[in-house]
Amino acid sequence: MTSRRLANGGRIDRGRVLRFEFNGRHYNGYAGDTLASALLASNVQLLARSWKYHRPRGVLSAGVEEPNFLVQLNRSAHVVPNAKGTEVPLTDGLAATSVNASPRPEFDWRSVNNAFSRLLPAGFYYKTFMASQKAWHFFEKHIRAAGGLGEAPTHPDPDQYDKRFAHCDLLVVGAGPAGLVAALTAARSGADVMVADEQVEPGGWLLSCNEHLNGEPAARWLSGIVEELRQLPNVRIFSGATVYGYFDHNLLTMVHRRTEAGDAPASPVFRERLYRIRAAGVVLATGAHERPLVFANNDLPGVMLAGGAATYIRRYAVLPGSNAVVFTNNDAAYDTALALTEAGAQVTVVDARGQAAGGMSDRARAAGINILAGQVVTEARGRRQVKQVVVQCLDESGQLAGTKRNLACDLLAVSGGYSPVIHLFSQSGGKPRWDAGNLQFVPDVAVQSQASAGACAGRMDLQAALHSGRTAALAQLEAIGHPAGDAAHVAVPAADPCPVGDIRALWLVPHARPVSRAPKQFVDLQNDVAASDLALARREGFESIEHIKRYTAMGFGTDQGKTGNINGMGIVADMAGCPVEQVGTTTFRPNYTPVTFGTIAGIELGDLFEPVRTTPMHNWHVAHGAHFEDVGQWKRPWYYPQPGEDIHSAVRRETLAARQAVAMLDASTLGKIDIQGPDASKLLNWMYCNGWSTLGVGKCRYGLMLDENGMVFDDGVTVRLADNHYLMHTTTGGAAGVLTWMERWLQTEWPDMQVYLTSVTDHWATVAVVGPESRKVLRAVCRDINFDDDAFEFMAYRNGTVSGVPARVMRISFSGERSYEINVPAQHGAAVWQAVYDAGQPYGMTPYGTETMHVLRAEKGFVIVGQDTDGSVSPVDLGMGRMVSRQKDFLGKRSLSRADTSRTDRKQLVGLLTRDPAFVAPEGTQIVDQPTAPVQTPMLGHVTSSYASPTLDRSIALALVRNGHQRMDESVWLAMPDGSTREAQIVSPVFFDPKQERQHVG
Amino acid sequence: MSVETKAPQPLLASRRECAIVNLRGSPDDAAFADAVQTALNLSLPGPCRFGRDGPRRLVWVGRDDWFFIGVPGSEAQVVAELHAAAQTTHCAATDVSGGYSLVTLSGPQAKEILSAGCPLDLRTGSFDPGSAAGSVYFKAAIRLWMLDDEPRYELLVRRSFEAYFWLLLERSCQECGLLRQDLV
């Protein structure tokens, strides 16, 4: 294996040899290499197979725009699919495989597709396999397996990721010549500057050019300015950091790959970090991507972008070919011819322009490089590697002329001009403008506080780029109102004069055969989209570039058409006979480059995916074996199984304890709102559909809250603590919504009401003591409250001391049993809970969870808002019409008299008893009118709550049934998923204790 | 300045329970301001500010909304004194001591670790000693203020979110380390 490594030069460390593996074979490279440069140095040219035709592919570029060389990185469970080999910094022990070649690029059985490529045009799959549904189901799995790129990891990602919010005065994106000058200019003003660069070290083009600044090699100036910036306390430089999204209000997102660059900890815990940056001003200095040229077989390994070839030579000291042809339509590619010549290669330049004119071609001419002006490469030839090219004259009208000539070569460096990287500019809302002279889209007017500088603003001349960096920074400082200070004195270095020269429009190089019969002329290498596919799309009626893109897949994939899109637009424009600007661009959307899901998730995974709220008694519940249920963000005990118990036996035991002895429930999660002020009663009267004016101090009342449509949206017990002081309870899940709802009315509609609301949900821990023996337990823990029924009646509250802690005790019941709810400040919650539990032991105190709570309340027909209601249920529908006050106004009142709301045959809450008492209907079961019915039978409603009732020793259910209140004792049928039906009888929803006697028992 | 070059020092975090009283009243009502001054010997801070006197704090929360923070056990007395001083002035004082705990974060990493989950601009000149704000730490609502340039921050965290908050802090501090202290 011959090495293509040059003896000298490059920014690699020849003292640090790194071993790596590619497709199962071992190679060596140097620190500073990328995977691509190390493989090229080892003379591996065939690196990949193309996506659709599985044609042999090499590396096209040396950077982020790479369409071909995608690899899967595997380091045990550390898997990165679809990394670009041109961006992967070489590390010791790196293991990579080609993503699209099975089993390997040298032998890929799917390359048979290439033989039939003429039969696989754009739209082939849809036309062929979706002819019928059945056919598609058969073919789909094979097509899906063949499509796609890398493989999703099969194990959880062992790496960790995190995030930062960041703020700065000026964010400079891109640390090439323009970005560095912009950063230094802004930094000298004292502004807080962030600089982000996607490569492993700052410098951009300066890392691979041969220019001089202030008479010194550019690299020396580069190290000077980078060192200066690193010393400044007001500058943060990020390498290996891609700004991938630009959103409103100058919010930009950046991913920092912290293992790549040298400025992060050696082995960071967090592999990548996502930054959400709020920048007062932004300078985009994102550079430009070189375009390939579109000619026959332009995808052969050995066909490479000219700028990429120069980068491999100068930055990585790799000579990609010793007998090179440079094919260009512009002057910049002559820089590559010079680089090749300096490295000892033979070079011929094929220049489509009639006359080579510009600074670089002048230098090439002076160096004696052979130039074929007015000529083009119409076809590349070779099987797995370019061996020769076909060259012919191109006349001024764009027609091939003269005779064909074959030139032997092992490298074809191509340049079709440069496309400024306007992705972020476009994401920010800016519209690009077509520069017809330089054949490129450039940023037009900035719509946010932002300026573009350097090549991304169309400044292709180094001196102009450097100046534009300074200008952009000064303009942004002014725009954000930051004094320029010393910024105005920043000197821009002097570059070697080098006029940019002109460019010849050459979107598609003609071939002797028409586009549909010529060898593939690729536009988008990653998606195997050829010029013939664009022609086909147009023939089939797709005119908008957005439609053509979706029909052909041009610009899809991991590279999002960075090299191919503008060529494709040019070709479409030529075919349509209109200027390129009329074709326009496809939309630039975030992300600029793919971002791993790990980075997007950060540390908010698994147990941190959502907040977990716990009560002060949580540890006790855990210690006593509770199984938990998620209620909103809360963890509530669901049931407390004893050894050998399942949920049914545990709930049965807990329920019977509450009915027959005493049980306790952690009710701390209920929403609690403290209401104070002279207008407190007035506010409650508006909020609840029932009246509050008559509630005495020390009394509690159940309230029903409606939305504007008259539909129930929350309920709970509210306590009158003093004349102008109430405590409102809301549902666990509805607490925040109710507070917001009340504040909204107070702040927007009734600002004159004198009342203040304070959330006290977390302040109070609540222990509900339930059952006939509950009073005995209360008497044991609380000596300063008289628990006699005539002193402390149902729906009253008293202040007292429970096991030494000041407490509010309310006699309210969500079970029908005698029940006391003890409220203490949360810091005492655990101790009071324990004291109550201990005091209850002689009476069989049994802790119970939400499941038993549900059974107890369902036996009593008490609804749960959000389970038995769904936002379309009025108080009348619930059978609570008598609660609705006629004496006062309240929110939702008018809606109750609307025609539809006041219908008498709406879906109404009823009880259901299944014919088979052992059958517990699944909640959500649909209810129909007949035991057997055609498939599309009208649904009467559905089961909202359903339990096996230990108290009644049979199943019970609550349901919303159309006209249910008028259908008592009638039969309905429950439609089961298997098509069968089960009979049930409509009954009152109050299954137990209809006369409310239980609360006096004990 | 290149990022992250210095060997990080651990974040110091402590938790304590305090007397916490929510004060509501009109900022335009001189009688209310006088009542607060009389009862607490602290003047009402303006928007996004807080005042302090030894371990006691008075923190702005909203245009008619403040948190008083004092030594544990003093909450009932504070509420009573405020009500006594306010007389007939329309205002509200509510004991919420059980609802929150006070967390102090300090050390060179404090800003950085806060920025993992808090979107506020904490740069000097934007959030300084004396500044206070409501924000979030990931999905937990917090009140946050800056004590000094050490830097030292105090946060109010809702009790039910505490386990979530501390787990987040622990995971965020994996590179710099976390020294946690529970103060009585």
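FYI, side chains are in, hydrogens and waters are out, and symmetry mates aren't considered; it's all heavy atoms of this structure. Predicted model, so just to flag it, every value in this text is computed and none were measured. Order of the sequence lines fixes the chain letters, A, B, ..., with proteins taken first and strands second; residue numbering starts at 1 for each chain.
- Heavy-atom distances place both the backbone and the side chain of A:Gln827 under 4.5 Å from chain B.
- Atom CD1 in A:Ile603 sits 9.0 Å away from atom CG in B:Leu169 (nearest 0.5 Å).
- Atom CZ of A:Phe609 sits in a sparse spot, with 12 or fewer heavy atoms from other residues, nucleotides or ligands closer than 6.0 Å.
- Both the backbone and the side chain of A:Glu610 have a heavy atom closer than 4.5 Å to some heavy atom of chain B.
- Every pair tested for side chain to side chain donor-acceptor pair (under 3.5 Å) that includes a residue from residues 26-46 of chain B fails, sequence neighbours excluded, so the list is empty.
- Looking at B:Ser126, neither its backbone nor its side chain comes within 4.5 Å of chain A, counting heavy atoms on both sides.
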Criterion side-chain contact (heavy atoms from CB on, under 4.5 Å) on B:Asn22 and A:Tyr756, from CA distance to verdict: CA-CA 11 Å; B:Asn22 178 228; A:Tyr756 288 118; over 6 Å; no

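- Ionic pairing of B:Arg24 and A:Asp674 is not present here: no N-O contact between side-chain nitrogen and carboxylate oxygen is shorter than 4.0 angstrom.
- Looking at B:Lys139, its side chain never comes within 3.5 Å of a backbone N or O of A:Leu608 through a donor-acceptor pair.
- Ion pair A:Asp192/B:Arg123 flagged as a salt bridge, since at least one NZ, NE, NH1 or NH2 atom sits closer than 4.0 Å to an Asp/Glu carboxylate oxygen.
- No part of A:Val195 comes within reach of chain B, as not one of its non-hydrogen atoms sits under 4.5 angstrom from that chain.
- A donor-acceptor contact shorter than 3.5 Å is absent between the side chain of A:His618 and the backbone of B:Ser160.
- With a threshold of 4.5 angstrom between heavy atoms, B:Glu75 approaches chain A through side-chain atoms but not through N, CA, C or O.
- Looking at A:Trp634, the atoms closer than 4.5 Å to chain B (heavy atoms on both sides) all sit in the side chain, from C-beta outward.
- For a residue to count as touching a neighbouring chain, one of its non-hydrogen atoms must lie under 4.5 Å from one of that chain's; by this rule B:Leu114 does not touch chain A.
- For A:Asp162, the salt bridge (charged side-chain N to carboxylate O under 4.0 Å, His left out) partners at least two apart in sequence or on another chain are A:Arg164, A:Arg273.
- The distance from atom CG of B:Asp121 to atom CZ of A:Arg278, rounded to the nearest 0.5 Å, is 10.5 Å.
- There is no contact between B:Asp65 and chain A, counting heavy-atom distances below 4.5 Å.
- With a threshold of 4.5 angstrom between heavy atoms, A:Asn619 does not approach chain B through any atom at all.
- Between the B:Glu175 side chain and the A:Pro268 main chain, no donor and acceptor come within less than 3.5 Å of each other.
- Listed here is the closest heavy atom pair of B:Gly117 and A:Phe165: C-CE1, 3.6 Å.
- Nearest heavy atom pair, residue B:Gly98 against residue A:Ala826, reads O-CB, 3.3 Å.
- With contacts defined as side-chain heavy-atom distances shorter than 4.5 Å, the pair A:Ser759/B:Arg158 qualifies.
- For chain B, the nearby part of A:Pro616 is the side chain; its heavy atoms alone come within less than 4.5 Å.
- Here the NE2 atom belonging to B:His90 is positioned 4.5 Å from the CD atom belonging to A:Gln754, to the nearest 0.5 angstrom.
- The distance from atom OG of B:Ser115 to atom OH of A:Tyr275, rounded to the nearest 0.5 Å, is 9.5 Å.
- Residue contact with chain B, scored on non-hydrogen atoms closer than 4.5 Å, is absent for A:Thr615.
- Only the backbone of B:Ala93 comes within contact range of chain A, with heavy atoms under 4.5 Å apart.
- Between the side chain of A:His167 and the backbone N or O of B:Pro119 there is at least one donor-acceptor pair closer than 3.5 Å.
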